[in-house]
Undergrad: 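Before anything else, here's the structure in question.
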Amino acid sequence: QVHLVESGGGLMQAGGSLSLSCAASGYTFRMYTMAWFRQAPGKDREFVVAVPRSGGSPYYADSVKGRFTASRDNARNMVYLQMNSLKPEDTAVYFCAAVLSDYGSWDPTTYKYWGQGTQVTVSS
């Protein structure tokens, strides 16, 4: 059975940092590109970053580029998201997701597996 479990969310002041983790199990982790998405209340799910299954350079949404850093550990079946210089508009539920492809995509409908999400709230 596939499980993606996010952790590390919480409340932070603007300008602060948070680190998210996603633990994967039940599938061949190294074969899947991993991504982070987020969803704010009343808004569509939004792409944040994808980390290619090869471990190559992640690609980021413009809204987080230069502030967020994603990585993966194929030996531990983990994916991480370091979020710095947080802004109130980063407030959302953050999800990790997996897709069987080299690079993933911006489109959440292409992703096969999803976690339950973790809340990130940034106060001004």
Undergrad: Does Asn84 have any side chain to side chain donor-acceptor pair (under 3.5 Å) partners at least two apart in sequence or in another chain, and if so, which?
TA: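 Applying side chain to side chain donor-acceptor pair (under 3.5 Å) to Asn84 gives Ser17, Gln82.
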Undergrad: Quick check against the 3.5 Å criterion: does Ser71 have a side-chain atom that pairs as donor or acceptor with the backbone of Tyr80?
TA: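 Side chain of Ser71 to backbone of Tyr80, a donor-acceptor pair under 3.5 Å: no, none is there.
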Undergrad: With no hydrogens and no angle check, is any side-chain donor or acceptor of Arg76 less than 3.5 Å from a backbone partner on Arg72?
TA: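 No.
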Undergrad: Rounded to the nearest 0.5 Å, what's the gap from CG on Leu81 to SG on Cys22? Could you check?
TA: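 Result: 10.5 Å between the selected atoms.
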Undergrad: Could you go through Tyr94 and Gln119, starting from their C-alpha distance and side-chain angles, then the distance that decides it, and tell me whether this counts as side chain to side chain contact (heavy atoms under 4.5 Å, CB included)?
TA: CA-CA 6 Å; Tyr94 283 70; Gln119 177 70 47; over 6 Å; no
Undergrad: Going by the rule side chain to side chain donor-acceptor pair (under 3.5 Å), which residues pair with Glu89 if we only count those two or more places apart in sequence or in a different chain?
TA: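 Checked Glu89 against side chain to side chain donor-acceptor pair (under 3.5 Å); zero matches.
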Undergrad: Got a sec, which residues hit ring-ring contact (aromatic ring centres under 6.0 Å, His included) with Tyr27, two or more places apart in sequence or on another chain?
TA: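 By the ring-ring contact (aromatic ring centres under 6.0 Å, His included) rule, Tyr27 matches Tyr32, Tyr113.
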Undergrad: If you measure from OG on Ser124 to CD on Gln13, what distance do you get to the nearest 0.5 Å?
TA: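 One finds 9.5 Å between OG of Ser124 and CD of Gln13.
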Undergrad: Under the side chain to side chain donor-acceptor pair (under 3.5 Å) rule, what pairs show up with a residue in residues 1-11, not counting sequence neighbours?
TA: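 Those involving residues 1-11 do not exist here.
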Undergrad: Mind listing the side-chain donor-acceptor pairs of residues 42-51 below 3.5 Å, one per line with the distance, residues two or more places apart or on another chain?
TA:
from  : atom 1 : to    : atom 2 : distance (Å)
Arg45 : NE     : Gln39 : OE1    : 3.2
Arg45 : NH2    : Gln39 : OE1    : 3.2
Glu46 : OE1    : Arg38 : NE     : 2.8

Undergrad: May I ask you to decide if the ring planes of Trp114 and Phe95 are parallel, tilted or perpendicular, using 30° and 60° as cut-offs?
TA: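 Rings of Trp114 and Phe95: perpendicular, over 60°.
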Undergrad: Apply side chain to side chain contact (heavy atoms under 4.5 Å, CB included) to Val93 and Thr118, showing your working.
TA: CA-CA 5 Å; Val93 177; Thr118 185; 5.9 Å; no
Undergrad: If you measure from CZ on Phe68 to OG on Ser19, what distance do you get to the nearest 0.5 Å?
TA: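 Answer for the CZ-OG pair, Phe68 versus Ser19, is 11.0 Å.
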Undergrad: Would you confirm whether Ser101, through its side chain, and Gly104, through its main-chain N or O, come within 3.5 Å as a donor-acceptor pair?
TA: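 Yes; judged by distance alone, with no hydrogens or angles, the pair exists.
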Undergrad: Nearest 0.5 Å, what's the CG-CE distance between Asp73 and Met34?
TA: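 Taking CG in Asp73 and CE in Met34, the distance rounds to 12.0 Å.
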Undergrad: Apply ring-ring contact (aromatic ring centres under 6.0 Å, His included) to Tyr60 and list each qualifying residue two or more places apart in sequence or on a separate chain.
TA: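 None.
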Undergrad: Could you give the distance from CE (Met12) to CE (Met83), rounded to the nearest 0.5 Å?
TA: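 Those atoms lie 9.0 Å apart.
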Undergrad: On a heavy-atom basis, which atom in Val79 and which in Cys96 lie closest, and how many Å separate them?
TA: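 For Val79 versus Cys96, the nearest heavy atoms are CG1-CB, 4.4 Å.
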Undergrad: Indicate yes or no for a side-chain donor-acceptor contact from Ser54 to the backbone of Gly56 under 3.5 Å, with no hydrogens or angles considered.
TA: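 Looks like yes, one N/O pair under 3.5 Å.
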Undergrad: Side chains of Ser105 and Thr110: any donor to acceptor distance under 3.5 Å?
TA: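 Present: a donor and an acceptor within the cut-off.
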Undergrad: Should Lys65 and Asp62 count as an ion pair when the cut-off is N to O under 4.0 Å?
TA: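 Judged by the 4.0 Å cut-off on N to carboxylate O distance, Lys65 and Asp62 do form a salt bridge.
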Undergrad: Does some side-chain heavy atom of Val99 sit less than 4.5 Å from a side-chain heavy atom of Lys112?
TA: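 Contact flag for Lys112/Val99 side chains = no.
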